[in-house]
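Reading through the structure tokens given below for one structure.
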Amino acid sequence: MNRKRSLNGRNTLILLVACLSFLLPSPAASAEKTGNLQETYKSLEIFSNVLSEIQKNYVEEVDTKEVIKGAINGMLAALDPHSSFMSPEDFKEMRMETKGSFSGIGIEITMKDGVLSVVSPIEGTPAFKAGIKAGDMIVKIEGETTKGMTLMDAVKKLRGPKGTEVTISILRRNWTDIKEFTLVRDVIPLHSVKAKMLEPGFAYIRITNFQAQTARDLKKELKDLTGQEDITGLILDLRNNPGGLLDQSIKVADFFLEKGIIVSTRGRLEDQNMEYRAHAGGDNYHFPLVVLVNGGSASASEIVAGALQDQRRALILGTQTFGKGSVQTIVPMNDGSGLRLTTARYYTPDGTSIQAKGITPDIVVPFKTPPTGDQAEAGHENRKIVREKDLRHHLKNGDESKKTDRQVVEEKGEKSNKDDQAAEIKKELARDNQLNTALLILKGLNMMDRGTTE
């Protein structure tokens, strides 16, 4: 039996060498390449010997397939946090994530300095509602430490059937103790674009992540908004957007650009060096644009923000973005599994690498938690201001026209609905200082534009 297992190890070496035989340099190749290949063969021989020893002497019977899978995961983990091996099940789930629905808690995660960390919670999901934040460190999942856990294993543990619970242990900067969150898994929403009017002429669109239909949905929302009234300014909210599909981010940026580079990629191979450019014509929108970003804005979000910033098309407001500037290529394997391999870096139109740096906003505005309780009551902006219309027996404006009772009732109903919407938006602006600042800037740009054209 030992001899049989030993032969299995030798067969593994023969197979690995055979798989690499096509890499042998031609007679004209440099001695350096030949030396590198010889070092690779020596390393593979060591790997084969280790596998043979495991098969012969490990305390329990081992599944060679699982051992080799573990070796592959370890090899990829040694490269960077975003390269990984996906089993057939994981690969299928990954494709569903961009095209269909899946059940989980709704967070984008990564390995940062060997620690499982939250890139961003997806808006409206169980994690978002529970208060999970970008930068949180997940130290345990269901009581199991995440140290040494692969990214794909962590994803698999966090996902599950709708309605089931999962407990995660979180450590946040400035916390002295680890806190546990028990979350109920739910279907993660697929609609990544939300839109509304903040005030007459000023629109707001939020993109939660970049999925297969994001550009199509954005185009529809923009047409609906412009069909309602003339837009004099737009706020594009990319905060806590963990990214997604490269082609969708390019299409989104292209809506607001007519020429120039959107993003370029550079890798070791010639075919990995690409430039993606904007196209003239089509549904291009020329109104002033403010883009909101923060530390949870990553990857595809940074591509959009970087393109609009470098092309001087939009003003970027918020805080420094995450800094994921690498390209992952998905390579299908023969057995249905998949390889996610980092093959290039992203560069903004000005040639700046996003990697480990991110996008620096034109105007840095940290998010401030709104005051509550006594603090809110003490705030001057929250005091009731008495105006002329509040005084008893105040004079009417004098411009009111005579209306029928039915018209008065209908207008009161419409006014009530509009008042409710306006009150909700007012509350949102009071809670979100970054959004409020962006709106004020758009108003200022609009005033300046009217002053120059009239």
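None of these values were measured; they are calculated from a predicted model.
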Will you find, in the side chains of Asp80 and Ser83, an N or O donor that is under 3.5 Å from an N or O acceptor? yes
For Asn49 and Ser52, does a side-chain donor sit closer than 3.5 Å to a side-chain acceptor? no
Under 4.0 Å between a side-chain nitrogen and a carboxylate oxygen: does that hold for Lys220 and Asp224? yes
For side chain to side chain donor-acceptor pair (under 3.5 Å), just list the numbers for Gln248 and Thr214, CA-CA rounded to whole Å, side-chain angles, deciding distance to a tenth of an Å, and then say yes or no. CA-CA 6 Å; Gln248 294 298 302; Thr214 295; 4.7 Å; no
Salt bridge check: are Asp432 and Arg239 linked by an N-O gap of less than 4.0 Å? yes
Approximate separation, where rounding is to 0.5 Å, of Asp136 CG and Ser117 OG: 9.0 Å
Is Lys156 salt-bridged to Glu89, cutoff N-O under 4.0 Å? no
Please assess Phe210 against Asn241 for the test side chain to side chain contact (heavy atoms under 4.5 Å, CB included), listing each intermediate value before the final yes or no. CA-CA 8 Å; Phe210 289 87; Asn241 181 324; 3.4 Å; yes
Between Ser120 and Glu108, does any side-chain donor sit less than 3.5 Å from a side-chain acceptor? no
Calculate, to the nearest 0.5 Å, the distance between atoms NZ and CG belonging to Lys251 and Leu245 respectively. 9.5 Å
On a heavy-atom basis, which atom in Gly243 and which in Asn209 lie closest, and how many Å separate them? O-CB, 3.6 Å
So, for Glu275 and Ser264, which heavy atoms are closest and what is the spacing to 0.1 Å? CG-CB, 4.0 Å
Rounded to the nearest 0.5 Å, how far does CG of Leu79 lie from OG1 of Thr342? 7.5 Å
Check: Glu302 side chain, Lys324 main-chain N or O, donor-acceptor pair, under 3.5 Å: yes
Without hydrogens or angle criteria, can the side chains of Thr182 and Thr167 be said to hold a donor-acceptor pair below 3.5 Å? yes
Basic-acidic side-chain contact under 4.0 Å: Lys56, Glu53: yes
Inspect the contact between Lys140 and Glu142 and indicate whether a charged nitrogen and a carboxylate oxygen are less than 4.0 angstrom apart. no
If you apply the rule side chain to side chain donor-acceptor pair (under 3.5 Å), what do you find for Arg185 with Thr164, and how did you get there? CA-CA 6 Å; Arg185 297 182 179 97; Thr164 59; 2.8 Å; yes
Quick one: is the NZ or CZ of Arg340 closer than 6.0 Å to the six-membered ring centre of Phe85, and within 45° of its axis? no
Looking only at side chains, do Asp310 and Thr348 share a donor and an acceptor under 3.5 Å apart? yes
Can you give me the closest heavy-atom contact between Pro121 and Ile107, atom names plus distance? CA-CG2, 3.9 Å
Can you name the nearest heavy-atom pair linking Gln355 to Gly325, along with the distance? OE1-N, 2.9 Å
Has Ser43 got a side-chain atom pairing as donor or acceptor with Glu39's backbone, closer than 3.5 angstrom? yes
Donor-acceptor contact below 3.5 Å, side chain Gln272 vs main chain Leu269: yes
Once you measure the plane-to-plane angle for Phe256 and Tyr285, does it fall in the parallel (<30°), tilted (30-60°) or perpendicular (>60°) bin? tilted
Indicate yes or no for a side-chain donor-acceptor contact from Glu144 to the backbone of Ile141 under 3.5 Å, with no hydrogens or angles considered. no
Please lay out, stage by stage, how Val291 and Ile235 fare under the test side chain to side chain contact (heavy atoms under 4.5 Å, CB included). CA-CA 6 Å; Val291 179; Ile235 297 171; over 6 Å; no
Residue pair Ser297 / Thr321, side-chain donor-acceptor N/O under 3.5 Å: no
Under the 3.5 angstrom rule, does the side chain of Thr146 hit a backbone N or O of Ile138 as a donor-acceptor pair? yes
Nearest heavy-atom pair of Val263 and Ile303: which atoms, and what distance? CB-CG2, 3.8 Å
Under a 4.0 Å N-O cut-off, is there an ion pair linking Lys196 with Glu428? yes
Looking at Lys368, is its backbone amide N or carbonyl O close enough to the side chain of Asn433 to form a donor-acceptor pair, meaning the two atoms are under 3.5 Å apart? yes
In short, Asn273 meets Gly267 closest at the heavy-atom pair OD1-N, 2.9 Å
Would Gln328 and Ser326 count as having a side-chain donor-acceptor pair, cut-off 3.5 Å? yes
Go through it in stages, so that I can follow the logic: the residues are Ser337 and Asp335, the test is side chain to side chain donor-acceptor pair (under 3.5 Å), and I'd like the CA-CA distance, side-chain angles, deciding distance and then a yes or no. CA-CA 6 Å; Ser337 60; Asp335 65 345; 2.5 Å; yes
